[in-house]
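What follows is a set of notes on a single structure, which appears directly below.
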Amino acid sequence: MSMAAGVLALLLMPLALGTVVVVALAGRPRGAAAWTGALGSGWVLGAVAIGLSTLLLSRPDPARVFVATLPWIAAIVLLALGVAWLHHVRAGKAVATLGSAQQAGEPPPASTRATVLWWVLFGLTAVHLLLAAWQAVLLPTVPWDAWTTWLGRAAAWWGSGAVAPMLPAADWLASTDASARATLAPHYPETVSRIALWAASAVGGWHTGTIHLLWPLLGGALACGLYGQLRRARVASTLAMAGTFACLSLPLLNAHLSLAGYADLWIAAVLLLALLHALHGWRARSTGDLLLAALLALSLPLIKLEGAVWLVCLAAVAAWAMLPWRWQWALPVAAVVLVALILPFAALPLPVPGLGVVRLSWGEVAIPAMGTLELYWRPVTTQVLASLLAFGNWHLLWYLLPAIVALRWRTVLARRELRAAAAFVVLAHGFLFVLFFFTDASAWAENLTSVNRLLLQVAPATIAWLTLLWAAPGDGAIRLQLDAGRDTA
Amino acid sequence: MSDPAAPAIRRRPRGARTALAIVLALAVAALALVAYAAPRIGLPWRGGDPAVPEPDAFDALVGSVTAHGEGLRVQSDAPSGQALVAAAVDVDAAAYRFVRYRIDGVPRSLRVAFGWRTAAEPGRWRWAPLPFPRGTQTVDLARLTTDWDGRIVAIALLLLPSELLPAHALPPRDVRVLDLRLERDAYAPATAALLDEWRAYHPWSGRSINTAGFALGQHEPRPLLPWVAVLAALLLVAVGLARRWPWAGWLRAAVLAAGAAWMLLDLAQLQRLSQRALHLHDNHRLAAGALAIQPALTQVLADIAALPALRERPRRLAVVGGNAFLGAYPVYALAPHDAAAVRPAALPEAAPGTLVLSLGGSLEYRGGAIWIDGAPLAATLLHEQGPAQLFELRPAAEGDR
């Protein structure tokens, strides 16, 4: 297949596969914004599904992975089309997720000023993506883990002529299997490497620049998904675009778009869309969106090890959100009391998909995949705060977070889906706080190797929640009335 | 009955008050900028006479240098990609903290480094990379390096290939040095140095994936964000006090201020990203697509990959590096060869016929063997190039192990 056709395949095949599934489950979108969201979610879901579909092939020839996955992709597309048709027939009219006509609760049409601001923000977002794509295509594979693990593994498969299991170096040295290859981290999930391998197969060779395009495409899908899902949540167009711009303008996210090859952005995109589909599912009582959220969430541990933690957080929040209001308060308090009473005397086992049974005891946590971590306070406050508030990694995100929460905390308490999203944000950041302030992972905070990357995984979800929080009608707090075309305060 | 002129009268004082407040806020922000640039008390605004080497004091150590108007013309087509011009000086590093220069004609394919020799070690050149020169630049040498110290007896400018670009891809260099001077410590050059720091080109680094390239080390650019946050807060407070906002007005203005500050920071980021993209575009064209991390090392690895020992049949290649990078990167660069990074202690487990690539002098080889923890491992040296040595493990003979 020619290079141009291969590049088109990188864009269109995940888009086709994933969007059909999204439409089948969540209903046919109405309006440009809803379609934007569906396409964004579709590309991310489709790319992950394509990567996972290579698992169904038995030690395939890497050069033929693209062709070999076509039947699986076609089967899923046909199945999804069938489900979508049944959904349409049974529903009568397609479920209108965002109609072109005004509906109850719709924000008013944008004023001229708001429209101009929308186009400015859209333009800036597009410039970010274009600059990232330009650099991603021109740069060699620069970041460490990209060439040791995520792309290094795919390159090794490509070179070996078979998608064989990867071994630690010591086992490789002693192995007599000529197709065996070694990697520094053989226990890391393979999905991102398999997506890269599929891309190489699609374009007919290991062309670094073309394979790097997957990352700016992921960024574009993230932007579309975020914008579309915010609009589905009745957020005004300008505010939705502001949230999307805020996400795509984060310097660290731009670094991950341009310096292609890391898996953190994949986690960030999948986690964001899982959360947003779940919120929409609760808000609109849409089983299809809840299914989509579940599909995306279940793929997290297959992308990176810490995806298992985010899956557990999402599952815990989902279970908590289904409880009646009183129980939502009582349960966390009871859990904390129970843990505090039990931990001094016995370990608490916690099964985590992808990590095994994690045992939490007083002063340590044992993770089968990572060993035992001792829990005590580590003095890394200065480095972490500097990284969040002084370096140019996050613009003003961590200044705005407490300010918006302080202004809108009543809204958080009043709306179920915002409470659920807040619970996830608290859990996720709480996990990172314990990880960097109480375990040996503080070394990564001190030398700034992982602290920002792990935050990047939850940053888009955090921005989405802040945007929803700001947009929620409300409690008399101040709002920017751009869409009404007049100032009020 | 109300006086129709009354509203106009009330608006004028408020407008004037607002304008005055903005001016005051900007003045305080400017003072904050100067304090950020030079957190030292008692400096003069300007530091007196700079130290300016005469153009004819410069010699070309690599390439050629001729007078060009009031400056220098530096030319080189050396294979290494370098050009080096130097001049003798006699200054105290503590008295001259800044270097101010203007260099024209430097394409994006070149970097410029500032060099110096001290009286304590007159035979040793020390180097620190300078931002890409676009117009006039001022650099704080005390922030750039810890080695700007003691009596300085010579200064130099070194042109070398841009990051990722192999030397062989460079066109001939023809650069004009129009100004090069050392300036004393003072608020004016310190502020100029800070502003130039923010404008300068900073390429992607190995840290960029973790910190977007930012850190708070002495040698790192100072972050723009704290000053922008201070500027936004000052304007917000000044205008809010002048206009006597109610609580609601303060909150709305705070959001607007945060949004404006975010935009300002993002425009600075877009400038950086655009510079990076343009540099990459130029270098990509010059290198015909062959950009690489550490181009010299990548060329050595490419030469090794083309050796008959690796081309004739699939061979296992154990890579042993003198550091983590030299151990791990060649595995990727040598794809599709079957390579892996191993520890020296694991080599005895390898089968005879396995190839071993040593980088950075990580293995001791003598008497036909690689010595590991005092024990010999029979090996034949197949190839040696730069930092790389390629061995083939032999079967152990009687008494070898």
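Labels below follow one simple rule: chain letters A, B, ... track the order of the sequence lines, proteins then strands, and each chain is numbered from 1. The structure displayed is predicted, hence computed values, not measured ones.
Using a 4.5 Å heavy-atom cutoff, the side chains of F391(A) and L225(B) are not in contact. Put simply, the side chain of T141(A) does not reach to within 4.5 Å of the side chain of Y329(B), judged on heavy atoms. Between T449(A) and R207(B) the shortest side-chain heavy-atom distance does not fall below 4.5 Å.
Taking A403(A), A255(A), A132(A) one by one and counting their heavy-atom pairs under 4.5 Å with chain B, the maximum is reached by A255(A). Between chain A and the options L280(B), L265(B), L224(B), D266(B), heavy-atom pairs under 4.5 Å are most frequent for D266(B). In terms of heavy-atom pairs under 4.5 angstrom with chain A, the leader among V331(B), T354(B), L291(B) is L291(B). Options N452(A), V120(A), L138(A) differ in how many heavy-atom pairs under 4.5 Å they form with chain B, and the most are formed by L138(A). The residue among L121(A), L124(A), L252(A) with the most heavy atom pairs within less than 4.5 Å of chain B is L252(A). Here L139(A) is the residue among L184(A), L139(A), V127(A), L400(A) with the most heavy-atom pairs under 4.5 Å with chain B. Options Y399(A), F245(A), W444(A) differ in how many heavy-atom pairs under 4.5 Å they form with chain B, and the most are formed by F245(A). Of the listed residues (L397(A), L167(A), L456(A), T176(A)), the greatest number of heavy-atom pairs within a distance under 4.5 Å of chain B belongs to L397(A).
Neither the backbone nor the side chain of V451(A) comes within less than 4.5 Å of any heavy atom in chain B. For A339(B), the part lying near chain A is the backbone, with the side chain staying farther off; criterion is any non-hydrogen pair under 4.5 Å. Both the backbone and the side chain of W147(A) come within contact range of chain B, each with at least one heavy atom under 4.5 Å from a heavy atom of that chain. In this structure, no portion of A242(A) lies under 4.5 Å from any heavy atom of chain B. Both the backbone and the side chain of L250(A) come within contact range of chain B, judged by heavy atoms closer than 4.5 Å. With a 4.5 Å cut-off on non-hydrogen atoms, A328(B) touches chain A through its backbone and its side chain both. For chain A, no part of L264(B) is nearby; none of its heavy atoms comes within less than 4.5 Å. If you measure heavy-atom distances from L164(B) to chain A, the contacts under 4.5 Å come from the side chain alone.
Heavy-atom minimum distance, A341(B) versus A169(A): O-CB, 3.2 Å. Across W204(B) and N254(A), no two heavy atoms sit closer than the pair CH2-O, 4.4 Å. Nearest heavy atoms, A390(A) versus P226(B): O-CD, 3.6 Å.
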Stepwise side chain to side chain donor-acceptor pair (under 3.5 Å) check, T148(A) with Y332(B): CA-CA 7 Å; T148(A) 61; Y332(B) 181 72; over 6 Å; no
Intermediate values then yes/no, side chain to side chain donor-acceptor pair (under 3.5 Å), S249(A) and W262(B): CA-CA 9 Å; S249(A) 67; W262(B) 190 300; 2.9 Å; yes
For side-chain contact (heavy atoms from CB on, under 4.5 Å), just list the numbers for H284(B) and V137(A), CA-CA rounded to whole Å, side-chain angles, deciding distance to a tenth of an Å, and then say yes or no. CA-CA 10 Å; H284(B) 194 267; V137(A) 168; over 6 Å; no
Where do D338(B) and W172(A) land on the side chain to side chain donor-acceptor pair (under 3.5 Å) test, with the steps shown first? CA-CA 10 Å; D338(B) 181 11; W172(A) 166 83; 2.8 Å; yes
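Here the CZ-CG distance, from R272(B) to L131(A), works out to 12.0 Å after rounding to the nearest 0.5 Å. Taking CG from L278(B) and CH2 from W134(A), the interatomic distance works out to 4.5 Å, rounded to the nearest 0.5 Å. Interatomic distance, H256(A) NE2 to N210(B) CG, rounded to the nearest 0.5 Å: 7.0 Å. Here the CG-OG distance, from N393(A) to S208(B), works out to 10.0 Å after rounding to the nearest 0.5 Å. Here CZ of R316(B) is found 5.0 Å from OG of S175(A). Values are rounded to the nearest 0.5 Å. A distance of 14.0 Å separates CD1 of I209(B) from CH2 of W144(A), quoted to the nearest 0.5 Å.
Sparse packing is recorded around CZ of F122(A), with 12 or fewer heavy atoms of other residues, nucleotides or ligands lying under 6.0 Å away. No more than 12 heavy atoms of other residues, nucleotides or ligands lie within 6.0 Å of CG in D373(B), so this atom counts as exposed by the packing criterion.
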